[in-house]
Amino acid sequence: MHNITMKFGGTSVGTSEAIDNAVSIVQQSLNAGHRVAVVVSAMSGVTDMLLKSVRAAVAGDKWGYLTLSDEIRQKHLDVVHDLIAPGERREALLTALGQLLQQHADLCEAINILGEATPRISDAVVSFGERLSARLVAAVLQERGVNAQAYDATQFIITGSNFQSAEPITDITEKRIQEQLKPLLAQGVTPVLTGFIGATIDGVVTTLGRGGSDFSAAIFAAYLDSAELIIWTDVDGVMTTDPRLDKRARVLPYVSYTEVGELAFYGAKVLHPKTVQPIINKNIPLRVCNTFNPSHPGTLIGAESRPNDHIIKAVTAIRSVSMLTVSGKGMLGVPGLAGRTFLATARAGASILMISQSSSEQSFCYTVTDDKALAVKAAVEDELVAEINRQDVDSVEVSRDIAIVTVVGAGMRHRPGVAGRVFTTLGDSGVNVLAIAQGSSECSISFVVAEPDLEQAVRCLHDLALKNSVPQPA
Ligand code: ADP
Ligand code: ASP
Ligand code: MG
């Protein structure tokens, strides 16, 4: 008997049919004798609708947020009517869902009156997506005879107060999960936990960032000492590239924690970038599987580095990025300029996706997300004002409409030919490379290209990955 943590993403709980599949998957695992902790996302589209309701409320559009609230209600009611027979359970569930939706409308009303929404209140509003879906899925499990119970992760995942991207406080979270959740599993309860959300030590709701339910599930898996974490999603596993960018994408049977970390960081939406953090030290195997094709083995993710003969395993891309270039003749040999620039960038609330410096030391460039670019430029110009006045630094330039394309594969380590080959491939396809950087783990290389070149860049590199045509060492 094992204890297993399973997470179902938005599409996997997005319709009655999907929830029906998800529940069967849980039941099968229980029938095989395992104890299962279930983590759920909001029904697909609901998080976006909730964020839209915040914007409507800020704009004073009462009709807008009440309409959204109704649409969200209807989405859940459709499932209740399809999967839960009339009776006490259905009534209790309808009451619970109704209360949550009322709280949502009340919060929108408060935002409407104030005319503004802080990140804190926005987190409170979006938390309803997971709180609704957890109750719904738990009720469907109960309907099938499973001893399931819904829990808000706010009582277990304790975070700092960096709303919209909160960091869990590991020791308190570990203690809460070990002391309050683990015994429930041992008693035979199947907990259905909200993904994505946590709370500060004072009980204020936070979220872990978009797509954060994967991260939540990994936290639960780690502190419940699960034998396995299974992320159930809407594709057969981690693929050689985003199937929406290239239909030829194939499922990778195995990738390492490090490889998947790079893939996720550089844009593979299939997993949240922080997913492997909690499980890596405990060496908990992670499997990515398809709720709609459960007999497919999916992708296994573990500690071992298993380079396959495809030196490039996968290609990913991030859109909507800006590149900042700091340049000047007087920068040569001046210590500390880069450090100060990056600190100023952090103060502007941006994190850096990749950095590249030319060997002449007369310029370096780095990338941040578009929405932060202008604030970062202002912060860096402010920091370097003395250098700019002395003309040691000529300019801090922002190029927008940039994308980062990354190739990933542990087999690239110690293979000097790979970067060159990749570079040539891009050149042959007419893609102009604006900057290049190798990840510190040496299992990824990232390129900055103009956004209109993104698809072509991904396709030609994906060709290379599929063809296995990178030269092997003698
Ligand atoms: P969930 O709601 O289950 O969390 P997401 O939409 O967040 O699902 O992630 C799954 C999606 O990620 C897939 O439908 C696919 O379009 C996209 N994706 C992007 N890159 C990859 C990749 N390398 N492998 C698999 N899926 C990918
Ligand atoms: N529901 C959240 C989102 O859409 C979290 C998740 O699905 O992982 O971002
Ligand atoms: Mg996701």
Side-chain angles (χ1 to χ4, degrees), residues 6-15 18-19 21-22 25 39-52 72 75 122-123 125-134 153 157 164-166 193-198 206-219 230-253 255 259-275 288-293 296 298-299 301 312-319 405-409 444 454 458 461-462 465-466:
M6 287 188 183
K7 175 255 171 178
F8 294 92
T11 320
S12 302
V13 295
T15 60
I19 292 183
N21 286 349
I25 289 166
V39 179
V40 290
S41 289
M43 292 180 80
S44 56
V46 168
T47 305
D48 286 335
M49 289 158 89
L50 289 166
L51 284 169
K52 215 166 149 190
I72 296 170
K75 232 174 137 68
S122 175
D123 272 0
V125 173
V126 287
S127 74
F128 287 107
E130 273 70 11
R131 291 160 74 188
L132 290 162
S133 65
I157 298 187
Q164 297 181 319
S165 183
L193 301 146
T194 55
F196 184 48
I197 67 174
T206 56
T207 64
L208 310 181
R210 291 306 306 268
S213 296
D214 301 321
F215 184 32
S216 310
I219 294 168
I230 311 180
I231 305 268
W232 292 94
T233 183
D234 57 5
V235 285
D236 284 338
V238 178
M239 306 177 92
T240 47
T241 195
D242 184 345
R244 287 168 305 185
L245 282 178
D246 193 338
K247 287 199 179 59
R248 299 169 302 168
R250 289 200 314 235
V251 177
L252 291 159
V255 283
E259 287 171 329
V260 95
E262 299 283 294
L263 276 169
F265 185 79
Y266 286 111
K269 191 189 169 213
V270 63
L271 287 178
H272 186 273
K274 291 182 185 162
T275 311
V288 177
C289 295
N290 190 347
T291 309
F292 305 93
N293 186 17
H296 191 288
T299 300
I301 299 153
I312 295 168
K313 279 197 183 170
V315 185
T316 61
I318 315 184
R319 291 176 197 277
V405 176
T406 302
V407 293
V408 177
S444 73
L454 179 141
V458 168
L461 294 176
H462 188 222
L466 291 178

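Just follow the structure's listing: the first ligand is 1, and inside any ligand the first atom is 1.
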Minimum heavy-atom distance [X]-[Y], with the two atoms named:
| X | Y | result |
| --- | --- | --- |
| L50 | G129 | CD1-N, 3.3 Å |
| H272 | R210 | CD2-O, 3.3 Å |
| A264 | L271 | CB-O, 3.3 Å |
| T291 | S12 | OG1-OG, 2.7 Å |

Which of the atoms in ligand 2, numbered in the order shown and given with their element, are less than 4.0 Å from a heavy-atom of [X]?
| X | result |
| --- | --- |
| S41 | 6 (C), 7 (O), 8 (O) |
| E130 | 1 (N), 2 (C), 5 (C) |
| T47 | 1 (N), 2 (C), 3 (C), 4 (O) |

Out of all atoms in ligand 1, which are within 4.0 Å of some heavy atom of [X]? Include the element for each.
| X | answer |
| --- | --- |
| V238 | 24 (N) |
| T241 | 22 (C), 23 (N) |
| A268 | 20 (N), 23 (N) |
| T233 | 1 (P), 3 (O), 8 (O), 10 (C) |
| G237 | 24 (N), 25 (C) |

- Has the side chain of K274 got a donor or acceptor atom that lies under 3.5 Å from a matching backbone atom of G212?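 Side chain of K274 to backbone of G212, a donor-acceptor pair under 3.5 Å: no, none is there.
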- Item | T299 (side chain) donor-acceptor with V288 (main chain) under 3.5 angstrom |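 Looks like no, no N/O pair under 3.5 Å.
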- Query: So, is G211 polar-close to ligand 2, with some N/O to N/O distance under 3.5 Å?
  - Reply: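 Looking only at distances, the answer is yes, because the N/O contact criterion of under 3.5 Å is met.
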- Stepwise, does the side-chain contact (heavy atoms from CB on, under 4.5 Å) test hold for W232 with N21? CA-CA 11 Å; W232 292 94; N21 286 349; over 6 Å; no
- Message: So is G195 touching ligand 2 or not, going by heavy atoms under 4.0 Å?
- Response: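 Distance cut 4.0 Å: G195 fails for ligand 2.
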- Query: Does the side chain of S216 reach to within under 4.5 Å of the side chain of K7, using non-hydrogen atoms?
  - Reply: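 The answer is no, as the side chains (C-beta and beyond) never meet within the 4.5 Å cut-off.
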- Item | S133 side chain reached by V46 side chain, heavy atoms, under 4.5 Å |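 No, their side chains stay 4.5 Å or more apart.
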- Using the side-chain contact (heavy atoms from CB on, under 4.5 Å) rule, pick out the option among L252, V255, V270 that qualifies with V260.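 That would be V255; it is the only one of L252, V255, V270 passing the side-chain contact (heavy atoms from CB on, under 4.5 Å) with V260.
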Looking only at protein heavy atoms, which one is nearest to [atom], and how far off is it?
| atom | value |
| --- | --- |
| atom 17 (C) of ligand 1 | R244 NH2, 3.6 Å |
| atom 4 (O) of ligand 2 | R210 NH2, 3.0 Å |
| atom 24 (N) of ligand 1 | M239 N, 2.8 Å |
| atom 2 (O) of ligand 1 | G10 N, 3.0 Å |

- Task: Please confirm whether K7 comes under 4.0 Å of ligand 1, counting heavy atoms of the residue only.
- Result: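 It does; at least one heavy atom falls under 4.0 Å.
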- Item | Any N/O pair P243/ligand 1 closer than 3.5 Å |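 Min N/O separation from ligand 1 is not below 3.5 Å for P243.
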- Pick one: which of T240, T241, D242 meets side chain to side chain donor-acceptor pair (under 3.5 Å) with H462?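 With H462 as partner, side chain to side chain donor-acceptor pair (under 3.5 Å) holds for just one option, T240.
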- Message: Hydrogens and angles aside, do T207 and D123 bring a side-chain donor and acceptor to less than 3.5 Å of each other?
- Response: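 The answer is yes; a qualifying pair exists.
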- Item | Nearest option to atom 5 (C) of ligand 2, as decided by whichever heavy atom of G9, S133, G209, S213 sits closest |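 Answer by nearest heavy atom: S213.
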- Query: Of D234, V270, D242, V13, which has the heavy atom at the shortest distance from atom 13 (C) of ligand 1?
  - Reply: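 Selected option, by shortest heavy-atom distance: D234.
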- Specify side chain, backbone, both or neither for K269, according to which of its non-hydrogen atoms lie closer than 4.0 Å to ligand 1.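 Both backbone and side chain.
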